[in-house]
Amino acid sequence: MTAAKSPTESRVTLHQLMNPEHGNGRGNVHGGVIMKVVDETGAICAMRHARAPCVTIAIDSMTFRQPVRLGDLLICSATVTWVGRTSIEVGVTVHAENPVTGEISHTNSAFVVYVALDKDGRPSPAPPLELTDDEAKRHFAEGSERQQRRLDQRPSVPPGISARPPK
């Protein structure tokens with residue numbers, strides 16, 4: 001069994017300047033661009049925790065509270081909040097900073113779930129999460145509840161329909 005790791009050991013923050021290729025005609029950054037950076041930030045955090053490749057298996061809903069404007073610095077911060085046997089939930093917060101004025105706004109947050117993989121690309125056990133303080137314990141308990149909801153809401157395959165793609 002791998003030793004438990006604290007959330008601070010894998011925490012990561014990415015900064016990316018939002019340029020014209022990231023935006024739409026209204027001067028805002030496309031939501032898909034933000035979602036991509038959220039996923040990348042979360043994946044790096046999960047890989048640092050597992051010290052193994054990780055793939056995305058779920059992204060909880062993402063509501064954009066504030067726009068990110070072209071020219072803003074997109075700041076995504078990620079922390080492991082819950083770990084199962086092979087699954088790792090990462091909380092990602094997104095801020096936009098105007099680098100000229102210094103104004104910062106919280107634009108959105110999301111929980112993203114990854115699965116650690118072994119050398120053959122199969123699910124691999126992830127190190128447990130060391131619950132070092134009350135905040136980590138609260139995040140873990142809330143993450144356990146979210147994971148149970150995810151499992152309860154998994155879509156079922158209708159009778160007579162195969163979940164496998166056709167040959």
Side-chain angles (χ1 to χ4, degrees), residues 1-16 29-66 68 74-96 104-165:
M1 173 60 99
T2 307
K5 297 172 90 173
S6 76
T8 58
E9 290 180 69
S10 56
R11 189 169 288 149
V12 65
T13 300
L14 293 184
H15 296 77
Q16 185 172 343
V29 175
H30 287 291
V33 170
I34 297 168
M35 292 173 73
K36 179 180 182 284
V37 178
V38 164
D39 190 29
E40 289 172 347
T41 307
I44 293 168
C45 183
M47 288 186 283
R48 288 179 82 183
H49 180 81
R51 291 294 177 207
C54 294
V55 293
T56 311
I57 60 165
I59 299 177
D60 287 357
S61 67
M62 190 177 300
T63 302
F64 297 94
R65 302 169 42 168
Q66 301 287 329
V68 177
L74 186 70
I75 305 166
C76 293
S77 300
T79 304
V80 174
T81 52
W82 175 85
V83 175
R85 192 177 73 74
T86 62
S87 299
I88 302 166
E89 181 192 75
V90 177
V92 183
T93 58
V94 182
H95 291 88
I104 298 174
S105 63
H106 174 228
T107 65
N108 59 298
S109 298
F111 292 99
V112 188
V113 182
Y114 302 88
V115 168
L117 301 177
D118 65 14
K119 62 180 175 39
D120 297 319
R122 293 190 179 101
S124 173
L129 192 60
E130 182 182 355
L131 305 177
T132 54
D133 56 30
D134 289 341
E135 182 180 29
K137 291 174 186 172
R138 180 176 55 82
H139 286 205
F140 190 87
E142 292 168 352
S144 294
E145 291 175 12
R146 281 188 296 275
Q147 182 65 7
Q148 189 57 57
R149 280 195 302 272
R150 288 182 201 107
L151 294 173
D152 291 345
Q153 294 174 357
R154 278 193 298 202
S156 60
V157 178
I161 304 291
S162 173
R164 296 181 185 269

A.B. asks: Kindly indicate, with the supporting measurements, whether the criterion side-chain contact (heavy atoms from CB on, under 4.5 Å) is fulfilled by Val29 and Leu74.
C.D. replies: CA-CA 10 Å; Val29 175; Leu74 186 70; 5.9 Å; no
A.B. asks: Considering residues at least two apart in sequence or located in another chain, which fulfil the salt bridge (charged side-chain N to carboxylate O under 4.0 Å, His left out) criterion with Asp152?
C.D. replies: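 Checked Asp152 against salt bridge (charged side-chain N to carboxylate O under 4.0 Å, His left out); zero matches.
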A.B. asks: Using distance only, find each side-chain donor-acceptor pair of residues 31-39 under 3.5 Å and give its atom names and separation, not counting sequence neighbours.
C.D. replies:
unit_1	atom_1	unit_2	atom_2	d
Lys36	NZ	Glu40	OE2	2.6
Asp39	OD1	Thr56	OG1	2.7
Asp39	OD1	Tyr114	OH	3.0
Asp39	OD2	Thr56	OG1	3.3

A.B. asks: I'd like to know if the side chain of Asp118 reaches the main chain of Asp120, judged simply by a donor and an acceptor atom lying under 3.5 Å from each other, with no hydrogens or angles considered.
C.D. replies: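 Side chain of Asp118 to backbone of Asp120, a donor-acceptor pair under 3.5 Å: yes, one is there.
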A.B. asks: Shortest non-hydrogen contact from Leu131 to Ala136?
C.D. replies: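 Result for this residue pair: CD2-O, 3.7 Å.
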A.B. asks: Could you grab the distance from atom SG of Cys54 to atom CD1 of Ile44, nearest 0.5 Å is fine?
C.D. replies: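 The distance works out to 11.5 Å.
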A.B. asks: Could you tell me which residues satisfy side-chain hydrogen bond (donor to acceptor under 3.5 Å, both in side chains) with Asn108, sequence neighbours excluded, listed by chain and number?
C.D. replies: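 None.
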A.B. asks: Can you list everything that forms a side-chain hydrogen bond (donor to acceptor under 3.5 Å, both in side chains) with Asp133? Sequence neighbours excluded, please.
C.D. replies: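 Asp133 satisfies side-chain hydrogen bond (donor to acceptor under 3.5 Å, both in side chains) with no residue once adjacent residues are dropped.
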A.B. asks: If the condition is side-chain hydrogen bond (donor to acceptor under 3.5 Å, both in side chains), which residues does Ser109 pass it with, not counting sequence neighbours?
C.D. replies: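 Partners of Ser109 under the side-chain hydrogen bond (donor to acceptor under 3.5 Å, both in side chains) test: His106.
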A.B. asks: The criterion is salt bridge (charged side-chain N to carboxylate O under 4.0 Å, His left out); which residues satisfy it with Arg149, sequence neighbours excluded?
C.D. replies: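 Scan of Arg149 (salt bridge (charged side-chain N to carboxylate O under 4.0 Å, His left out), adjacent residues dropped) gives none.
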A.B. asks: Give me each pair satisfying salt bridge (charged side-chain N to carboxylate O under 4.0 Å, His left out) with a member in residues 82-94, each pair once, sequence neighbours excluded.
C.D. replies: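 Found Glu89-Arg146, Glu89-Arg150.
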A.B. asks: Check salt bridge (charged side-chain N to carboxylate O under 4.0 Å, His left out) between Glu142 and all other residues, then give those that pass, not counting sequence neighbours.
C.D. replies: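 Partners of Glu142 by the salt bridge (charged side-chain N to carboxylate O under 4.0 Å, His left out) criterion, ordered by chain and then number, come out as Arg138.
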A.B. asks: Working to the nearest 0.5 Å, report the span between NE2 of His95 and OG1 of Thr107.
C.D. replies: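 Here the interatomic distance stands at 7.5 Å.
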A.B. asks: Could you check whether any side-chain heavy atom of Ser77 comes within less than 4.5 Å of a side-chain heavy atom of Thr79, counting everything from C-beta outward?
C.D. replies: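 A side-chain contact is absent here, since even the closest heavy-atom pair is not under 4.5 Å.
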A.B. asks: Could you report the tightest heavy-atom contact between Val83 and Pro127, atom names first, then the distance?
C.D. replies: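 Scanning both residues completely, I find the closest heavy atoms to be CG1-O, 3.3 Å.
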A.B. asks: Could you tell me which non-hydrogen atom of Ala78 sits nearest to which non-hydrogen atom of Val90, and how far apart they are?
C.D. replies: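 Closest approach of Ala78 to Val90: CB-CG1, 3.6 Å.
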A.B. asks: Looking at residues at least two apart in the chain, or sitting in another chain, which of them share a side-chain contact (heavy atoms from CB on, under 4.5 Å) with Ser10?
C.D. replies: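 Expected list: Cys45, Arg48, His49, Val80.
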A.B. asks: Suppose we screen for side-chain hydrogen bond (donor to acceptor under 3.5 Å, both in side chains). Which residues come up paired with Thr132, at least two apart in sequence or across chains?
C.D. replies: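 With neighbours one apart ignored, the set is empty.
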A.B. asks: Who are the salt bridge (charged side-chain N to carboxylate O under 4.0 Å, His left out) partners of Lys137, not counting sequence neighbours?
C.D. replies: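 With sequence neighbours excluded, Lys137 shows a salt bridge (charged side-chain N to carboxylate O under 4.0 Å, His left out) to no residue whatsoever.
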A.B. asks: Enter the distance from Glu9:CD to Leu129:CG here, rounded to the nearest 0.5 Å.
C.D. replies: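 The CD atom of Glu9 sits 9.5 Å away from the CG atom of Leu129.
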A.B. asks: How long is the gap from CD on Gln147 to CZ on Phe111, to the nearest 0.5 Å?
C.D. replies: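 Answer for the CD-CZ pair, Gln147 versus Phe111, is 12.5 Å.
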A.B. asks: Any side-chain heavy atom of Val115 sitting closer than 4.5 Å to one from Ser87?
C.D. replies: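 In contact.
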A.B. asks: So which atom in Ile88 and which in Ala50 form the shortest heavy-atom distance, rounded to 0.1 Å?
C.D. replies: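 Looking at all heavy atoms of both residues, the shortest contact is CD1-CB, 3.8 Å.
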A.B. asks: Which heavy atom of Ala110 sits nearest to which heavy atom of Ser61, and what is that distance?
C.D. replies: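 The pair with the smallest heavy-atom distance is CB-O, 4.5 Å.
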A.B. asks: For the CZ atom of Arg11 and the OG1 atom of Thr41, what is their distance to the nearest 0.5 Å?
C.D. replies: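 If we round to the nearest 0.5 Å, Arg11:CZ and Thr41:OG1 are 14.0 Å apart.
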